[in-house]
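Here's the structure, in C-alpha cells; my notes come after.
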Amino acid sequence: MRDKLTSWMQGTKPVKTKPAGSGASPASRRSLLQTIVASSNESIRPEWYPRTPKSALPGVLLNIEYDGQKALAKLKLYNPSSMKVYEWLDNSEHHPYCLTDYSRSEIEKIKGVVEHKGFLKIEETSKFYLLLDKEQQLVSIVASDPLAIGGRRDSIREALGREHSWEADIRYTKCYTYDRALTPGLYYKIKEGNLLPVPQKFSVQDAAKIRGLFKTESEEFTLIEEYLPLFLSPAAYLPRISLDIEVGSPHIDRIPDPVTAEHPVTAVALSDDTETGIVFILHRSNEQDAKEPQLPERVAHQYFTEERQLLEAVFHILWRTPILLTFNGDNFDLRYLANRAKKLGIPSPDIPIRLRQGLGSNFEAHLKYGVHIDLYRFFHNRSIQIYAFRNRYREFRLEDISQALLGEGKRELPDLISRIPPDILAEYCWQDTRLTMKLTQFDNNLVLSLILLLMRVSHQGMHDLTRSAVSNWIRSLLYYAHRQRNYLIPHKEEIESLKGKAKTEAVIKGRKYLGAIVVEPQAGVHFNVTVVDFASLYPSIMKAYNISYETVRCSHPECKGNTVPETPHWICTKRKGLTSLIIGVIRDVRVEHFKPRSKDKTLSETQRSWYSVVEQALKVFLNASYGVVGAVHFPLYCAPAAESITALGRYAITETIKQAEALGVTVLYGDTDSLFLSNPGKEQLRKLIEYSERELRVELDVEKEYRYVALSSRKKNYLGVTKSGHVDIKGLTGKKRNTPLFLQRAFMQMVEILRQVQSPGDFAAAKERILRLAREHLAKLDRRDYPVEELAIRMQITKPPDSYVKTTPQHVKAARQLIRAGRDVSAGDIIAFIKTTDGVKPVEHASIQDIDISKYKDLVKSTFEQVLDALGIEWNETIGIRTLDTFFG
DNA sequence: GCGGACTGCTTACCT
DNA sequence: ACAGGTAAGCAGTCCGCG
C-alpha cells in the first residue's frame with residue numbers, strides 16, 4: 001500500500017497531453033498533484049506561506065484581494081510553469097477614498113469625517129461630469145481602511161450623506177484595480193518589490209487588421225489600443241486541481257448539513273489536469289477489510305481509519321493548490337470540509353479555506369493560498385448558459401451539464417451513501433471529481449480560457465468573475481472606463497432625476513416600457529424561406545445612434561431636434577456616448593474580426609478555437625449591454641436610454657418590412673430583429689440589405705435558408721427545415737423541458753417525418769404517417785403501455801414551497817406531498833409529477849394505474865396541434881374521431 | 001352545486 | 001439580481017341557472 005503510493009508520488013512518467021497552443025497544455029509536464037503530494041515531509045500549512053517575494057517570474061494576475069491585517073490590497077499571481085502562486089502587497093500608498101462636493105472648510109466642520117478614526121487626509125481634485133457635460137471640482141477624502149469609507153453606520157460616507165458623496169460604494173479591491181489599471185488574466189511580474197506589467201506578445205497581423213477597422217485618431221482607435229492586449233494575448237495554460245467529497249449520512253434524500261457537519265467525510269477525491277488523481281477513503285475499524293477500488297492507472301488511493309488525518313491530508317494539498325475546481329464547493333464541499341475540520345479540532349490557521357457570507361443565501365469558500373472556482377455557480381450564470389453554451393444544458397446538476405457538454409453522464413449511486421462499501425464510494429467520488437475537471441478541459445480548455453477573457457474585459461479577479469452575474473461584469477467594465485478617463489461615476493438617483501422615467505407603455509402589465517415587435521405569422525407551410533436578421537441589433541443601435549445614459553436627453557438645447565421615433569426623447573449630437581463607444585467597438589471587433597475567423601476552415605483548429613473563445617466572450621457582453629440599461633438594479637440604469645433602443649429597433653424592423661413589400665417580397669413572419677421572407681430573389685435581397693445599411697445604419701444579414709417552414713398561427717412557434725435537412729424547432733410544446741418524455745419522443749418522431757419532406761408533393765404521405773403516429777400513441781396510452789416516469793411532468797419550483805400564497809400550482813401540490821413524506825424540497829428543484837383522476841401525485845409515489853388517460857390525451861392533442869394546424873389538419877375531424885372508432889370498433 | 005367567462009399566477013419559451 | 005413579448009395551463013372568482 002505505502003509503496004504503491006510512493007511510486008505514484010514520484011510519478012516518473014511525464015504526462016502526454018495535447019499539443020501546445022492557445023489554451024492548450026504544454027506537450028508534457030509533471031503532474032501538479034504528484035508534485036504537491038511529494039512535498040509530504042512539510043507540515044500541513046507550509047512555512048513559506050504567504051509567499052511575497054521581492055522578485056518573481058511572470059505570473060497571471062488571478063485575483064485582487066484585501067489583506068485586513070496589513071490594511072493593504074493584495075494580488076495573487078500564478079506562474080504556470082512553477083505551478084505556484086505568489087502574493088504581492090501594494091507598495092504605492094494607495095488608500096480607500098470617496099469624493100464629495102463639499103469644500104475643504106465645510107468638510108473640516110463635519111465631525112463624523114475628520115474625527116473618524118480611519119480619516120487620513122483630504123485632497124482637492126477635479127473630475128469630468130458626463131451628466132452635465134462639464135468639469136467638476138471635488139474633494140477626495142482618504143481613509144486608512146475600506147470600512148472607514150462605507151459599510152458601517154458611522155462610516156464617512158454616512159457622515160457626508162448620499163447626495164454629497166460619490167464613488168463611496170465601490171468595493172476597495174475594485175477601486176484599487178481601476179486606479180492601478182490592472183487587468184486580471186494578463187501577466188505581471190514582481191521586480192525589486194514592484195509590480196510591473198509584462199509586455200504582451202500577440203499577433204501583429206491580427207492587431208493590424210483590427211486597427212484597420214477604425215479611423216485613425218478616432219475615439220474608437222484610441223480605445224482599441226487599450227483592448228488589443230486583452231483580446232489577443234494567448235490565454236495561459238493553467239494547471240489545476242478538482243475536488244469532490246462524499247459524506248456518510250443516514251438520511252436518504254437529504255443532503256448533509258454543511259453548517260453542523262455532523263456526519264463523517266467518508267471520501268475525498270482530487271484530480272489534476274493530467275488525469276492524475278488520488279482518493280482518500282475513510283475506513284472505519286469495525287468493518288471488514290475494505291476492497292481495493294477499481295481506479296484508473298494514474299489514480300492512487302489511500303485508506304484512513306482516522307477522519308482527522310484524512311482531512312489533514314486533503315488540507316496539505318489545498319494549501320498548495322493554485323486553482324481549485326469544485327461543483328457546488330461554495331455551498332457544500334468546501335464549507336463542509338472547513339466546518340468538519342473545526343469540529344474535529346483542527347486549528348483554524350491550519351484550515352486552508354475561508355468561508356464568507358456572499359450575496360443572498362450563498363456562501364463563498366475562498367482558498368487562502370490559491371483561488372477556488374465553483375463551477376456550479378459559473379454554469380448557473382444565465383449569460384454563460386444561454387450565450388456561451390447556447391442553452392445546451394437546461395438544468396444545473398453535474399450530471400446534466402456534463403451530459404450536455406461532454407456527452408458523458410455519471411453513474412447513479414445505488415444506495416444510501418452510508419451503506420455503500422468504501423471502495424465503491426471511492427470510485428463514485430473519483431468519477432465526479434473527474435467530470436468536474438473535464439468541464440474545464442473540453443474544446444481546448446474552453447471554459448478556463450473563457451473565464452480568463454471575461455476577467456480581462458471586465459477587470460475582475462477570478463473569484464468574483466466566476467460568482468457574479470453579467471450586470472456585475474458590465475458594471476465593472478464601465479466603472480473602469482470612467483476611472484481611466486477621469487469621469488465621475490454618477491449616482492443612480494442623479495441619472496433618474498435628470499433623465500426621468502420611461503415614457504412608453506409596455507404591452508405586458510407590470511413592465512416598464514414598450515419592447516420589440518413580433519409580426520403576425522402567416523400560418524401554413526412555406527417553401528424556400530429566407531431569414532434575414534440584423535446583426536446584434538440593439539448593440540448596433542447603441543453604436544449607430546449614440547445611445548448612452550449621458551447622451552439620451554442631454555443638456556444641450558441644440559440637440560433636441562435629434563429625436564427618437566415614437567418617444568419624446570432626443571440624442572446628443574455633440575459628444576460621443578461612453579457606452580455607445582465601448583459597445584460599438586466590441587461589436588465591430590466581434591462581427592468583423594473574431595466571428596468570421598472562428599469559422600474560417602483555412603485556419604488551424606487551435607487558432608479557430610481561440611477566435612471562438614474571444615467571440616463568445618464578447619457576445620456575452622454585447623447581448624447583455626442593452627438589458628442592463630433597462631434593469632432597475634443596475635447602477636447606471638436609464639429607462640429613457642433603454643426605451644430609445646427598443647424604439648429604434650421597432651423603427652428598423654418596420655421600415656425594413658415596408659421596404660421588403662415595396663420590393664415585392666412577402667414577409668411571412670418576424671420577431672424583434674428577424675424577418676422570414678417568402679422566396680426572395682437575389683436582387684431583391686441585395687436591395688433590401690443595401691437599404692437597411694444605407695437608411696437605417698444597421699447591418700442586415702442572411703441568417704438562414706429554409707427548404708420549408710411550418711408556421712403555426714401562434715407567434716414564437718414554428719418549425720423550419722433547412723436545405724441541409726437540419727430542423728429548427730422554436731417554442732413548440734414538444735420541445736419544452738416540462739413536457740413528459742413520452743410526448744417529447746412522439747414529437748421527435750413527428751419531426752423526423754417532416755424532416756424528410758422535400759417538396760410540396762411529399763406532404764400528403766407525411767400527413768398520413770403523422771396521423772398514424774398520433775393514433776399509435778393514443779392507443780398506447782389506453783393500454784397504459786409506458787413506464788410511469790415517462791409520463792411525468794417535470795416543472796421547476798422557483799420559490800420556497802411555502803411561499804406560494806396566491807395560488808397553489810400543480811407542481812407545488814406535488815412538492816408538498818413530497819415534503820410530507822420527509823423529503824427536502826427547495827427553490828430551484830425540479831418536481832416530477834403525474835396527473836391522476838384525483839389531482840396530482842409526485843412520480844415517486846405513483847404507479848401507471850394512477851394516471852388519468854384523458855388528461856394525457858389532451859396533452860398529446862395540444863402538442864400535435866401546434867404542428868398540424870400549420871399543415872392544415874384538423875385534429876377532431878381526423879384523429880379524434882378515428883380514435884373513437886378504434887375504441888368502440 | 002356546477003360550468004363558462006374571466007382574470008391572475010406561474011412556468012417556459014423567443015428575440 | 002440584463003430586457004420585453006408570447007403561449008399554455010391552471011387556480012381562483014363571479015355569475016347565471018327557476
Side-chain angles (χ1 to χ4, degrees), chain A residues 358-362 380-387 391 394-395 467-475 502 504-521 531 533-534 536-539 620-639 641-643 645-647 649-650 653 669-676 703 712-718 728-739 793-799 803-813 828 830-831 835 839-840 855 858-859 861-863 865-866:
Chain A
L359 292 171
S361 59
N362 279 320
H380 210 279
N381 183 310
R382 265 185 68 79
S383 294
I384 293 301
Q385 178 195 13
I386 297 171
Y387 302 125
N391 242 332
R394 293 202 279 192
E395 292 166 40
R467 286 168 179 77
S468 58
V470 69
S471 61
N472 223 300
W473 304 348
I474 294 179
R475 179 183 72 187
T504 54
E505 203 180 321
V507 173
I508 307 168
K509 216 198 283 183
R511 301 273 159 107
K512 299 182 290 285
Y513 55 87
L514 191 53
I517 287 176
V518 188
V519 180
E520 195 65 49
V531 182
D533 76 348
F534 295 111
S536 307
L537 179 63
Y538 289 168
V620 169
F621 285 95
L622 291 173
N623 281 332
S625 60
Y626 143 74
V628 296
V629 177
V632 235
H633 298 291
F634 189 64
L636 300 174
Y637 166 64
C638 183
E643 72 181 334
I645 297 169
T646 58
R650 294 192 299 276
I653 196 170
Y669 175 61
D671 187 348
T672 312
D673 61 356
S674 68
L675 291 175
F676 288 51
E703 219 245 335
S712 86
S713 53
R714 303 153 187 83
K715 293 172 173 178
K716 299 182 189 282
N717 270 269
Y718 64 85
D728 283 334
I729 301 158
K730 298 292 173 182
L732 301 178
T733 303
K735 209 186 83 168
K736 293 195 177 185
R737 73 155 185 218
N738 57 350
T739 298
I793 293 159
R794 296 164 37 78
M795 210 171 265
Q796 190 181 38
I797 185 158
T798 61
K799 305 188 283 187
S803 61
Y804 288 81
V805 283
K806 289 167 179 150
T807 57
T808 311
Q810 296 190 323
H811 63 300
V812 178
K813 287 188 174 125
I830 306 264
I831 308 296
K835 292 164 183 274
V840 297
K855 292 207 177 101
D858 287 345
L859 281 184
K861 178 183 173 205
S862 65
T863 302
E865 245 175 5
Q866 289 180 336

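Hydrogens, waters and symmetry mates are skipped; everything else that's a heavy atom, side chains included, is used. The chains referred to below are lettered A, B, ... by the order of the sequence lines, with proteins before strands, and numbering in each begins at 1.
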Looking across every strand, which nucleic acid part, if any, lies under 4.0 Å from A/Tyr513 by heavy atom: base, sugar-phosphate, or nothing? sugar-phosphate
Please classify the nucleic acid contact of A/Gly515 as base, sugar-phosphate, or nothing, using heavy-atom distances under 4.0 Å. sugar-phosphate
Grab the CG-C1' distance between A/Leu622 and C/dA3 for me, whole Å please. 15 Å
With heavy atoms under 4.0 Å as the rule, sort A/Ala506 into base, sugar-phosphate or nothing. sugar-phosphate
Specify the closest pair of heavy atoms between A/Val519 and A/Tyr669, including all atoms of both residues, with the distance to one decimal. O-CD1, 3.1 Å
Given atom CD of A/Glu865 and atom P of C/dA7, what is their separation to the nearest angstrom? 15 Å
From CG (A/Asn738) to OG1 (A/Thr733), nearest 0.5 Å: 8.5 Å
Separation of C/dA3 atom C1' from A/Arg650 atom CZ, nearest Å, is 13 Å
When we call it a touch if two heavy atoms are under 4.0 Å apart, what does A/Leu514 touch: a base, just sugar-phosphate, or nothing? sugar-phosphate
Does CZ in A/Arg382 sit with more than 12 non-hydrogen atoms of other residues, nucleotides or ligands closer than 6.0 Å? no
Could you tell me which residues satisfy side chain to side chain contact (heavy atoms under 4.5 Å, CB included) with A/Thr807, sequence neighbours excluded, listed by chain and number? A/Pro809
Would you call A/Lys715 and A/Asp671 a salt bridge, using N to O less than 4.0 angstrom? no
Under 4.0 angstrom between A/Ser862 side-chain N/O and C/dG9 OP1 or OP2: yes
Spacing between A/Asn472 atom CG and C/dC2 atom P, to the nearest angstrom: 9 Å
Atom pair distance, as rounded to whole Å: CD in A/Gln810 and C1' in C/dA11: 9 Å
A/Lys835 side chain N/O closer than 4.0 Å to the phosphate oxygens (OP1, OP2) of C/dC10? yes
Could you list the donor-acceptor pairs under 3.5 angstrom formed between side-chain atoms of residues 510-518 of chain A and any protein atom two or more places apart in sequence or on another chain?
from: A/Lys512; atom 1: NZ; to: A/Gly630; atom 2: O; distance (Å): 3.2
from: A/Tyr513; atom 1: OH; to: A/Tyr626; atom 2: OH; distance (Å): 3.0

Using a heavy-atom cut-off of under 4.0 Å over every strand shown, decide if A/Lys855 touches base, sugar-phosphate, or nothing. nothing
Please report, rounded to the nearest Å, how far the P atom of C/dT6 is from the CZ atom of A/Arg511. 11 Å
Under 4.0 angstrom, heavy atoms only, what part of the nucleic acid is A/Thr808 near: base, sugar-phosphate, or nothing? sugar-phosphate
Protein within reach of the bases, or only the backbone? For nucleotides 7-15 of chain B, mark each nucleotide 5' to 3' as B, S or -, using heavy atoms under 4.0 Å. -SSSSSSBS
Identify, between A/Leu859 and A/Ser383, the residue whose nearest nucleotide on DNA chain C lies closer to the 5' end. A/Ser383
Could you report the tightest heavy-atom contact between A/Phe634 and A/Val629, atom names first, then the distance? CD2-N, 4.5 Å
Once you apply a heavy-atom cut-off of 4.0 Å, does A/Arg714 come out as touching a base, just sugar-phosphate, or nothing? sugar-phosphate
note: A/Phe634, atom CZ; C/dA3, atom P; distance rounded to Å ~ 11 Å
